Student: 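What follows is a structure written as structure tokens; I'll ask about it next.
When a ligand or atom number is given, it counts from 1 through the structure's own listing order. None of the values given here were measured: they were computed from a predicted structure.
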Amino acid sequence: MAGAEWTSLEESLEKHLPLLDLQEVKRVLYGKELRKLDLPREAFEAASKEDFELQGYAFEAAEEQLRQPRIVHVGLVQNRTPLPTDAPVAEQVSALHKRIKSIVEVAAMCGVNIICFQEAWTMPFAFCTREKLPWTEFAESAEDGPTTKFCQQLAKSHNMVVVSPILERDSEHGDVLWNAAVVISNSGAVLGKTRKNHIPRVGDFNESSYYMEGNLGHPVFQTQFGRIAVNICYGRHHPLNWLMYSINGAEIIFNPSATIGALSESMWPIEARNAAIANHCFTCAINRVGTEHFTNEFTSGDGKKAHKDFGYFYGSSYVAAPDGSRTPGLSRTQDGLLVAKLDLNLCQQVNDVWNFKVGPQDPCCYLLLCFGSHPALRAGNYCCGLAHGSMGYQLPPEGSV
Ligand SMILES: NC(=O)NCCC(=O)O
């Protein structure tokens, strides 16, 4: 069977393993068993009518005497691009807005507090072509572009924090493009933005023709529902990148991505899950689905024949917790919404047991933890000799820690 058609690892395991074996395999591959969320019937009906998958799971934490549980529902959205890549730009954007609106409405029925879309969600993943037009026309202002305005409406109507990864055009600074994510408060206000800080130069994923490594450090956003950060796609291969968001205070790190089977599928289940374990936080890995075809051929710079697509995006979005447990993945082939109920108290509980991030035997980490919150370092983009982007704090008036 072709890789692009295989629905999911979970479906295969359920289909082929005897029950006892299945339980043991799941215990090892997925950690502590998660309770399925009892999502409303009308949400499943709407998802089925709109032709997308809906799944929900709950991560539990132990009861504490001094703190109340800190419950937050996150929503992860994966989708294909509804129109062909040669449709007019405005029509492609508006078809994607329509698609996302219908999924967000279902997320609202499920009580989602924070929702995150896939990387560059308003466009096909056209960076492989290395052509400029029409793809750069998808770029928008992070502060007041049409997509941010659209997301502000969604956020306000559903009392939901929206993480909107877009191709950003920074008109105030020389019209530079960035691969960015805008974080919009549940009040509808723009809390701020973050920029992809590791740019792939791997085969068809050669995005440096469009933008460079982000210059905003590792910002963390204080929302009503918890402290969040966004580690865009390729950043998930860099353990220090996750570490920096975590050291800056993130309790949930979203990883909106666009990646294909041949390149990264065997790494996918490991990387975000490992980051949740290593950094005592929740991680949310999101990947698009489908195969996008382009009008003009392009090469991968590997001496092989030119082609018009670069393979299938394998979806499989999932949430991982600091105790190593994780949800099953959404399908590899279908649009979907994954809802996860988190108790953020689990981060500190696991930290107190394992304490991976600090230790005198680990001087680099120790220094970062001691000085990471120092005001002098917050003011600029302090670089500790780590990867690009360093541990910069961004301090907009509201919402960033
Ligand atoms: N979008 C993106 O950075 N893709 C690179 C490939 C990968 O990280 O698996």
Student: Which of the atoms in ligand 1, numbered in the order shown and given with their element, are less than 4.0 Å from a heavy-atom of E207?
Tutor: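 This gives 1 (N), 2 (C), 3 (O), 4 (N) as the contact atoms.
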Student: Which of the atoms in ligand 1, numbered in the order shown and given with their element, are less than 4.0 Å from a heavy-atom of R236?
Tutor: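 Listed by number with element, the hits are 7 (C), 8 (O), 9 (O).
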Student: Checking the side chain of Q118 only, and the main-chain atoms of N79 only, is there a donor and an acceptor separated by less than 3.5 Å?
Tutor: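 Answer holds: yes.
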Student: Below 4.0 angstrom from a heavy atom of L263, which ligand 1 atoms are there? Numbered from 1 as shown, please.
Tutor: 6 (C), 9 (O)
Student: Does E213 come within less than 4.0 Å of R201, counting only side-chain N to carboxylate O?
Tutor: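 Looking at R201 together with E213, the answer is yes, because their closest N to O distance falls below 4.0 Å.
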Student: Give the residue and atom name of whichever protein heavy atom lies nearest to atom 2 (C) of ligand 1, and the separation in Å to one decimal.
Tutor: C233 SG, 2.9 Å
Student: I'd like to know if K26 pairs up with E33 as an ion pair, taking the criterion as any Lys NZ or Arg NE/NH1/NH2 lying under 4.0 Å from an Asp or Glu carboxylate oxygen.
Tutor: no
Student: Report the nearest protein non-hydrogen atom to atom 1 (N) of ligand 1: residue, atom name, distance rounded to 0.1 Å.
Tutor: E119 OE1, 2.8 Å
Student: Provide the number and element of each atom of ligand 1 under 4.0 Å from a heavy atom of S264.
Tutor: 9 (O)
Student: Would you mind listing which atoms of ligand 1 come within a distance below 4.0 Å of any non-hydrogen atom of A258?
Tutor: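 Ligand 1 atoms under the 4.0 Å threshold to A258: 1 (N), 2 (C), 4 (N).
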Student: Which heavy atom of T299 sits nearest to which heavy atom of A306, and what is that distance?
Tutor: CG2-CB, 3.8 Å
Student: Counting only heavy atoms, which portion of F205 has something under 4.0 Å from ligand 1: side chain, backbone, both, or neither?
Tutor: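 For F205, the contact with ligand 1 is made by the side chain alone.
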Student: Please state which protein non-hydrogen atom is closest to atom 3 (O) of ligand 1 and give its distance, to 0.1 Å?
Tutor: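 Nearest neighbour among protein heavy atoms for atom 3 (O) of ligand 1, to 0.1 Å: K196 NZ, 2.7 Å.
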Student: Might you confirm whether atom CG of D352 has over 12 heavy atoms from other residues, nucleotides or ligands at distances under 6.0 Å?
Tutor: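 Yes, the 6.0 Å shell around CG holds more than 12 heavy atoms from other groups.
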Student: Could a heavy atom of P200 be found less than 4.0 Å from some atom of ligand 1?
Tutor: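 Checking ligand 1 against P200, which is what was asked, there is a heavy-atom contact under 4.0 Å.
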Student: Assess K132 against Y210: is NZ or CZ under 6.0 Å from the centre of the six-membered ring, and within 45 degrees of the ring's axis?
Tutor: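 Relative to the ring axis of Y210, which defines the angle, K132 lies inside both limits.
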Student: With a 3.5 Å distance limit and no angle check, can you tell me whether Q78 reaches the backbone of S317 through a side-chain donor-acceptor pair?
Tutor: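 Judged by distance alone, yes, a pair lies under 3.5 Å.
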Student: To the nearest 0.1 Å, how far is atom 9 (O) of ligand 1 from its closest protein heavy atom, and which atom is that?
Tutor: T259 OG1, 2.6 Å
Student: In ligand 1, which numbered atoms sit nearer than 4.0 Å to a non-hydrogen atom of F125?
Tutor: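 In order of numbering, the contacting atoms are 1 (N).
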Student: Please determine if D144 and K149 form a salt bridge, counting it only when a charged side-chain N lies under 4.0 Å from a carboxylate O.
Tutor: no
Student: Determine whether the aromatic ring centres of Y314 and Y312 lie less than 6.0 Å apart.
Tutor: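 No; Y312 has its ring centre 6.0 Å or more from that of Y314.
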Student: Considering non-hydrogen atoms of the protein only, which is the closest contact for atom 8 (O) of ligand 1, and what is the distance?
Tutor: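 That would be H237 NE2, 2.7 Å.
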